[in-house]
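Here's the structure, in structure tokens; my notes come after.
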Amino acid sequence: MKDYDNRTVRIYVDFDDCLCETGRFFPGLVKKLFGKDIPYEDMKYFELDKSFSLNSEEFEHMMTIAHEPEALLSFAETPGASETLNSWLDKGYEVSVITGRPFSAYEASREWLDRHNLKDVKLHCLNKYGYDGFIKDCGFSLELEDYYKMHFDYAVEDSPNAFRFFDHLPELKVMVYDRPWNRECEFPNGNYTRCIGWDRIRELVG
Ligand SMILES: [Mg+2]
């Protein structure tokens, strides 16, 4: 299906905490590594070092473990994610998963998508958060310059730190996946809608 000017509908989908429950993985890891009890609902900041009060060494250690294939492949799918993305693909929409994970996590991330019936979505690693320190020489697969040449009609994102990547698309409808770390943030404009889950996202996109 095409939109009014006969152009394919293009959708940006973030990976962590949109397609899968990444945030819910961390309280257990923090407890195991540092003995701290901080529940998911208390993760008030997208910056995990801030949410869990970690120094830079602790943060790097935790992030290294969290980016190992074993961890990445263990994240649960958010209910309805794969079903929704496949319903869009069936309509001929183009779906690109744009993750802030480094390229070193690409293979395991691709495998996660394949295992969750998402073989037909594209996957790109974009340096959204400046996370290039904790894994040496990891790199990213999508350069900023090339990202800015892409066009999207809708975006699904949970991180207020990524909203700046939408500033160049004034028509873009952004669906913010409701998470504890984005509940207090101010949306940049009226095109942003808080969504409790994939049912709501699917309603908005059609
Ligand atoms: Mg995310």
Side-chain angles (χ1 to χ4, degrees), residues 11-30 40-52 59 62-63 65-68 71-82 84-85 95-106 108-113 116 118 121-132 134-135 138 140-142 144 147 150 152 154-167 169 172-188 192-198 200-202 204-205:
I11 308 176
Y12 161 123
V13 181
D14 174 48
F15 205 132
D16 292 296
D17 296 298
C18 290
L19 291 178
C20 65
E21 297 289 346
T22 312
R24 291 184 193 274
F25 168 84
F26 280 96
L29 182 61
V30 165
Y40 165 79
E41 286 296 331
D42 288 351
M43 295 170 65
K44 296 287 181 206
Y45 306 98
F46 177 75
E47 296 82 0
L48 293 171
D49 47 346
K50 220 169 149 186
S51 267
F52 295 120
F59 175 67
M62 179 185 76
M63 292 301 270
I65 293 173
H67 282 78
E68 281 167 2
L72 294 173
L73 288 166
S74 76
F75 300 159
E77 181 186 337
T78 52
S82 161
T84 304
L85 265 56
V95 180
S96 303
V97 175
I98 312 268
T99 180
R101 293 179 183 178
F103 191 63
S104 55
Y106 183 92
S109 305
R110 184 69 258 176
E111 193 176 335
W112 189 97
L113 293 170
H116 291 82
L118 290 167
V121 301
K122 295 170 191 160
L123 173 64
H124 300 282
C125 299
L126 176 72
N127 192 357
K128 295 186 206 176
Y129 315 118
Y131 282 171
D132 43 11
F134 63 88
I135 294 169
C138 59
F140 290 84
S141 66
L142 181 62
L144 265 184
Y147 168 76
M150 298 169 89
F152 300 104
Y154 297 93
V156 183
E157 179 57 79
D158 68 288
S159 171
N161 294 13
F163 293 167
R164 65 199 167 96
F165 293 103
F166 305 140
D167 289 348
L169 296 170
L172 180 76
K173 300 274 185 288
V174 182
M175 290 153 293
V176 180
Y177 204 109
D178 177 64
R179 297 292 181 184
W181 49 89
N182 63 35
R183 285 186 193 143
E184 277 162 32
C185 80
E186 211 171 294
F187 294 159
Y192 286 65
T193 308
R194 178 173 301 280
C195 296
I196 300 297
W198 280 99
R200 178 69 180 130
I201 293 167
R202 205 165 164 175
L204 292 171
V205 175

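Any value given below was found using the heavy atoms of this structure, including those in side chains, with hydrogens, waters and symmetry copies removed. From a predicted model like this one, the values you see are computed outputs, not experimental measurements. Along the sequence shown, residues carry numbers from 1. Numbering of ligands and ligand atoms starts at 1, following listing order.
With a 4.5 Å cut-off on side-chain heavy atoms, L85 and L19 count as touching. In this structure the side chain of M150 reaches within 4.5 angstrom of the side chain of I98, judged on heavy atoms. Here the side chains of S109 and F15 are in contact, with some heavy-atom distance below 4.5 Å.
F26 meets the ring pair (Phe, Tyr, Trp, His ring centres under 6.0 Å) test with no other residue; sequence neighbours excluded.
Between E157 and N182, the side chains place no donor N or O within less than 3.5 Å of an acceptor N or O (distance only, hydrogens not considered).
A tilted orientation is assigned to the rings of F166 and Y192, their planes being inclined by 30° to 60°.
Less than 2.8 Å away from the Mg ion (ligand 1), the protein contributes these N/O/S atoms: D14 OD2, D16 O, D158 OD1.
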